[in-house]
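Following: one structure in structure tokens, then a few remarks.
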Amino acid sequence: MTLAPAPPYRSRHRSIRRGLTAALITAATVLLPVTAAGAAPTGTAVAAASPTLNELAAAKGRYFASATDNPELTDTSYTATLGSEFGQITPGNSMKWDTTEPQRGQFSFAKGDAVVSFAQAHGQDVRGHTLVWHSQLPGWVSALPASEVRAAMESHIAGEAGHYKGRIKAWDVVNEPFNDDGTYRTSPFYNAMGKDYIAYALQAAHAADPGAKLYINDYNTDGLGAKSDAMYNLVRDLKAQGVPIDGVGFQAHLAVQYGFPTQMQQNLQRFADLGVDVAVTELDVRMVLPADATKLAAQSDYYRRVTEACLGVSRCVGITIWDYTDKYSWVPGTFSGQGLACLWDANLQPKPVLDVVRTALGATGSGDTTAPSVPAGLTVTGTSSSSVSLSWTASTDSVGVTGYDIFRGGTQVGSSTGTSFTNSGLSASTSYSFTVRAKDAAGNVSAQSSPVTGATTAGSGGGGSLKVQYKNNDSAAGDNQIKPGLQLVNTGSGAVALSSVKIRYWFSGEAGSSNYSAWCDYAVVGCGSLSQSVSSSGSSTAGADHYLEVGFSSGSLAAGASSGEMQLRFAKSDWSNFSEADDYSRGTNTSFADAPKIGVYVNGTLVWGAAP
Ligand code: XIL
């Protein structure tokens with residue numbers, strides 16, 4: 001038998017629950033910023049995209065919701081989006097038993113009331129979470145003799161669901177009743193009553209608030225499997241017995257390293273076919289940090305597939321994300337070394353994955369109408385007789401900068417995904433004016449940056465103008481040889497005497513011998529007409545303390561002509577290894593491309609490339 005993958009979510013939250021008691025925020029202090037103004041606070045607020053997630057979901061007959069928690073409600077930038085983007089909220093902690101009835105018979109609803117008041121002030125529904133759960137359960141319940149647990153449970157439900165009667169759209173009456181293998185989880189309730197506690201709890205909740213939709217909620221039941229089979233059988237039996245159950249909640253605490261739940265839509269559908277609603281109740285998609293493109297792509301894929309699974313099942317009533325921002329996500333505090341699980345980042349900015357969800361909900365266009373900031377700090381970092389190299393400071397954007405357009409004299413001459421660019425093919429001894437603008441995925445562009453002037457150098461005379469192209473002939477970046485492929489190209493209108501030309505390839509020598517040997521393995525012009533040697537550069541730039549210099553003994557390069565490939569190779573005399581990845585002139589391209597970080601000198605003057 002193969003072992004099932006590690007569960008996406010283990011029930012470790014009891015021991016690491018957030019210290020709510022330390023944050024003794026009363027309902028009054030929480031509510032002041034909201035009710036005093038009568039509306040969501042403005043100022044630092046992040047504007048909601050239009051249509052909002054909830055508007056998009058509503059157009060499909062669903063809601064889109066977020067969890068929240070009392071400490072966050074004092075953060076007005078946070079509440080601006082919480083109050084505008086979502087149609088429903090779930091208190092992440094404030095309606096749990098340890099908060100609402102910490103001592104037997106002593107109810108405390110201030111925190112839950114604050115969440116309900118926020119929702120009412122913003123026209124939102126509330127999902128009640130949760131009445132009966134083995135976790136975040138006060139010690140007095142666990143200490144009761146079995147004979148008293150049912151009465152305590154029913155009294156808790158009557159007290160809490162009764163307090164919120166008429167104000168809760170749906171209750172997670174029972175939370176997490178199963179183990180991952182589909183057996184019933186032991187808890188004070190199961191130990192006292194067996195599985196019948198679930199029916200008793202649902203009946204008590206129905207008696208306390210007949211208008212609320214009553215749910216059982218669990219994790220790792222999102223896809224087909226032993227645990228969702230157990231839930232399915234339970235719900236089927238409860239329905240057959242006439243127990244008031246309206247829905248099943250699927251937490252969907254997903255992690256990219258555990259894979260996507262098996263056939264989620266089919267799984268939701270089989271529950272719907274039992275005659276209950278289904279809801280995604282606690283969605284987040286975490287990853288092991290640091291993020292990389294593969295993990296982020298998987299996360300986008302998971303969010304899209306969960307959204308599509310819900311939209312594909314007519315009885316899937318909506319999706320709740322387990323808080324909307326990485327700023328307040330439970331993930332980093334619960335799953336060590338993991339995070340970035342939410343749709344907004346820790347600065348409350350929308351992440352690209354938000355657009356993925358919006359699109360899955362049927363948004364046309366990204367809804368992103370915010371342009372990136374104007375690139376600042378545009379400077380000339382190098383010139384040759386035929387090129388000007390530029391760099392600038394990265395722009396910021398509400399979703400993400402996807403690249404930059406570079407203009408010369410008002411005409412676009414190129415694009416870059418990074419913050420540097422070399423414009424080649426220019427005339428010698430000429431001044432050019434450059435500007436840069438930033439763009440995002442939705443096609444929004446910033447204004448042009450302040451211009452910078454770059455003047456090409458005098459060039460090599462005779463109308464010649466040189467550039468060097470490079471390809472990497474060395475698949476191993478950590479071995480004892482470096483193998484640049486070079487070719488010299490005359491882009492000018494006159495011939496260039498090759499004996500005046502030197503090409504420099506900068507690299508770092510690392511530890512080991514400071515004596516080098518260099519070879520020409522092949523050259524179209526003939527290795528016999530080349531010289532090659534390694535020297536110390538004196539440069540303190542990283543990856544540039546040495547250079548290979550290639551020279552020519554004779555010949556000339558006609559206008560428009562190329563030298564053809566020159567295969568160079570060099571090594572230290574002790575044959576110790578290099579660490580090439582950071583070398584100044586190195587590229588990973590294996591076909592020839594212009595090499596702005598390899599220098600071409602004519603009679604000792606740099607005419608191409610930026611020297612370190
Ligand atoms: C989490 C809260 O988000 C945390 O703040 C708390 O420390 C632990 O509980 N499944 C549930 C939720 O049903 O109640 C849990 O919420 C997350 C997992």
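In each ligand, atom 1 is the first atom listed, and ligand 1 is the first ligand listed.
Below 3.5 Å of separation, one finds no N or O of Asp69 facing any N or O of ligand 1. The shortest N or O to N or O distance between His129 and ligand 1 is under 3.5 Å. Backbone and side-chain nitrogen or oxygen atoms of Gln251 are examined, and one is located within less than 3.5 angstrom of a nitrogen or oxygen of ligand 1.
Here the shortest heavy-atom distance to atom 5 (O) of ligand 1, taken over Asp284, Asp218, Asn93, Val331, belongs to Asn93.
A salt bridge links Asp229 to Arg270: at least one charged side-chain nitrogen sits closer than 4.0 Å to a carboxylate oxygen. Using a 4.0 Å cut-off between charged nitrogen and carboxylate oxygen, Lys60 and Glu55 do not count as a salt-bridge pair. Electrostatic pairing of Asp273 and Arg315 does not count as a salt bridge here, judged by no charged N lying under 4.0 Å from a carboxylate O.
Side chain to side chain, Glu282 and Asn217 meet the donor-acceptor criterion of an N or O pair below 3.5 Å.
Taking every heavy atom of Lys96 and a limit of under 4.0 angstrom, the matching atoms of ligand 1 come to 1 (C), 2 (C), 9 (O), 12 (C), 14 (O), 15 (C), 16 (O). Numbered from 1 in the order shown, with element, the atoms of ligand 1 that lie under 4.0 Å from a heavy atom of Glu282 read 10 (N), 11 (C), 12 (C), 13 (O), 17 (C), 18 (C). Close approach of ligand 1 to His253 is summarised as follows: ligand atoms under 4.0 Å from at least one heavy atom of the residue are 10 (N), 17 (C), 18 (C). Numbered from 1 in the order shown, with element, the atoms of ligand 1 that lie under 4.0 Å from a heavy atom of Trp133 read 14 (O). Distances below 4.0 Å separate heavy atoms of Glu176 from the following atoms of ligand 1: 10 (N), 11 (C), 13 (O). Close approach of ligand 1 to Gln136 (heavy-atom distance below 4.0 Å) involves ligand atoms 6 (C), 8 (C), 9 (O). Against a heavy-atom cut-off of under 4.0 Å, Asn175 is close to the following atoms of ligand 1: 11 (C), 13 (O).
Looking at Asp301, its side chain never comes within 3.5 Å of a backbone N or O of Ala297 through a donor-acceptor pair. In terms of modelled atom types and a separation under 3.5 Å, the side chain of Asp326 and the main chain of Ala341 share a donor-acceptor contact. Listed for the Asp69 side chain is no donor-acceptor partner under 3.5 Å among the backbone atoms of Pro91. With Asn267 contributing its side chain and Thr221 its backbone, the two residues share a donor-acceptor pair below 3.5 Å.
The proximity of Thr130 to ligand 1, defined as any non-hydrogen pair under 4.0 Å, does not occur for either the backbone or the side chain.
Tyr78 pairs by the ring pair (Phe, Tyr, Trp, His ring centres under 6.0 Å) definition with Tyr324, Tyr328, not counting sequence neighbours.
Distances shorter than 4.0 angstrom do not occur between any heavy atom of Tyr219 and any atom of ligand 1.
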